Asker: 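One structure follows; several queries about it will come next.
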Amino acid sequence: QVQLVQSGGGLVQAGNSLRLSCAVSGRTFSRYGMGWFRQAPGKEREFVATINSSGGRIAYADSVKGRFTISRDNAKNTVYLQMNSLKPEDTAVYYCAVAKDFSSSNYAPMYDYWGQGTQVTVSS
């Protein structure tokens, strides 16, 4: 059974940083792309960042480009989202997800397993 366990959320002031982690078990992690999505209150889930299985292909939403960094450690079966220069509009529940294959994607249906979500709240 595939499981994703997220950690690292919390409450921070604008301008500060947080790092989210997502540990994956039950699947050969190094063979699959990974993604981060988020959902703010009253809004639809939106793409944040994605990385392919090797880490060689990465993409970001325009809203986080230059501030967020996605990375993965295949030896630890973990994907990370480093979030710098946080803004109040980054407040959301953040979800990691495992792709159906090796590729990176900004399209949610390309992912078949999701983490439990972690709250990130940025105060002004």
Side-chain angles (χ1 to χ4, degrees):
Q1 183 177 357
V2 180
Q3 290 188 318
L4 289 75
V5 178
Q6 296 181 221
S7 60
L11 171 64
V12 295
Q13 288 189 326
N16 285 352
S17 300
L18 278 175
R19 189 176 80 156
L20 305 183
S21 299
C22 174
V24 180
S25 61
R27 179 171 272 190
T28 307
F29 180 77
S30 61
R31 294 181 181 177
Y32 294 90
M34 296 292 299
W36 287 96
F37 292 75
R38 68 187 182 186
Q39 187 166 19
K43 295 187 177 181
E44 294 188 352
R45 181 177 54 189
E46 65 174 2
F47 164 74
V48 175
T50 181
I51 186 168
N52 72 342
S53 59
S54 67
R57 181 161 291 186
I58 289 172
Y60 298 97
D62 288 343
S63 59
V64 306
K65 202 172 293 183
R67 300 187 297 120
F68 289 13
T69 302
I70 188 172
S71 62
R72 64 188 297 157
D73 185 337
N74 285 347
K76 295 183 178 180
N77 291 355
T78 301
V79 64
Y80 304 97
L81 185 67
Q82 178 67 43
M83 305 184 293
N84 297 331
S85 302
L86 282 160
K87 304 175 180 179
E89 52 263 44
D90 294 318
T91 295
V93 177
Y94 284 70
Y95 298 91
C96 63
V98 182
K100 295 177 180 178
D101 61 22
F102 65 92
S103 62
S104 57
S105 176
N106 62 355
Y107 187 48
M110 287 296 295
Y111 296 85
D112 54 359
Y113 292 96
W114 294 78
Q116 80 276 19
T118 187
Q119 178 70 46
V120 172
T121 303
V122 185
S123 63
S124 57

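For clarity, every value in this text was computed on a predicted model and none was experimentally measured. Residue numbers count from 1 along this sequence. Scope of the values below: all heavy atoms of this structure, side chains included, with no hydrogens, waters or symmetry mates.
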Asker: So, S17 and N84: side-chain donor and acceptor under 3.5 Å apart, yes or no?
Answerer: yes

Asker: When you measure from the side chain of Q6 to the backbone of Y94, do you find a donor-acceptor pair of N or O atoms at a distance under 3.5 Å?
Answerer: yes

Asker: Same hydrophobic cluster for Y111 and I70, using side-chain heavy-atom links shorter than 4.5 Å among ILVMFWY?
Answerer: no

Asker: One pair to check against side chain to side chain contact (heavy atoms under 4.5 Å, CB included): R31 and S53. What are the steps and the verdict?
Answerer: CA-CA 5 Å; R31 294 181 181 177; S53 59; 5.5 Å; no

Asker: Inspect the contact between K65 and D62 and indicate whether a charged nitrogen and a carboxylate oxygen are less than 4.0 angstrom apart.
Answerer: yes

Asker: Checking T50 side chain against M34 main chain: does a donor-acceptor pair fall under 3.5 Å?
Answerer: yes

Asker: So, taking the atom named OG in S71 and the one named CD1 in I51, what distance separates them when rounded to the nearest 0.5 Å?
Answerer: 6.5 Å

Asker: Using the six-membered ring of Y113, assess whether NZ or CZ of R27 lies under 6.0 Å from its centre and within 45 degrees of the ring axis.
Answerer: no

Asker: Find the distance between CZ (R38) and CG (L20) and round it off to the nearest 0.5 Å.
Answerer: 11.0 Å

Asker: Once rounded to the nearest 0.5 Å, what's the spacing between atom OG of S54 and atom CG of N74?
Answerer: 8.5 Å

Asker: Just do the side chain to side chain contact (heavy atoms under 4.5 Å, CB included) check on L11 and Q119 with the steps written out, would you?
Answerer: CA-CA 8 Å; L11 171 64; Q119 178 70 46; over 6 Å; no

Asker: So how far is it from L86 CG to R67 CZ, rounded to the nearest 0.5 Å?
Answerer: 6.5 Å

Asker: Does T118 use its side chain to pair, donor to acceptor, with the backbone of S7 at less than 3.5 Å?
Answerer: no

Asker: Within the side chain of T78, is there an N or O that forms a donor-acceptor pair under 3.5 Å with the backbone of D73?
Answerer: no

Asker: Mind checking whether F68 and V122 sit in one hydrophobic cluster, side chains of I, L, V, M, F, W, Y counted as touching below 4.5 Å?
Answerer: yes

Asker: Would you say V24 and Y32 make side-chain contact, with heavy atoms under 4.5 Å?
Answerer: no

Asker: Does Y95 belong to the same Ile/Leu/Val/Met/Phe/Trp/Tyr cluster as V120, with side-chain heavy atoms less than 4.5 Å apart forming each link?
Answerer: no

Asker: Hey, mind stepping through T69 and Y60 against side chain to side chain contact (heavy atoms under 4.5 Å, CB included) and telling me if it holds?
Answerer: CA-CA 8 Å; T69 302; Y60 298 97; 3.8 Å; yes

Asker: Examine distances only and state if a side-chain atom of K100 and a backbone atom of P109 form a donor-acceptor pair shorter than 3.5 Å.
Answerer: yes

Asker: Same cluster for L4 and V79 if Ile/Leu/Val/Met/Phe/Trp/Tyr side chains link at under 4.5 Å?
Answerer: yes

Asker: Hey, does the Lys NZ or Arg CZ of R72 hover above the aromatic six-ring of F29, less than 6.0 Å from the centre and inside 45° of the axis?
Answerer: yes

Asker: How close do F37 and F47 get, counting heavy atoms only, and between which atoms?
Answerer: CD2-CA, 3.4 Å

Asker: Got a second to check how far E89's CD is from S63's OG, nearest 0.5 Å?
Answerer: 9.0 Å

Asker: Is the closest side-chain heavy-atom distance between W36 and M83 below 4.5 Å?
Answerer: no

Asker: Test of understanding: clusters of I, L, V, M, F, W, Y form through side-chain heavy atoms closer than 4.5 Å, transitively. Do V93 and L81 belong to the same one?
Answerer: no

Asker: Out of curiosity, S124 OG to K87 NZ, how far, rounded to the nearest 0.5 Å?
Answerer: 14.0 Å

Asker: Let's go through K76 and S21 carefully: what are the C-alpha distance in whole Å and the side-chain angles of both, what is the deciding distance for side chain to side chain contact (heavy atoms under 4.5 Å, CB included) to 0.1 Å, and is it a yes or a no?
Answerer: CA-CA 11 Å; K76 295 183 178 180; S21 299; over 6 Å; no

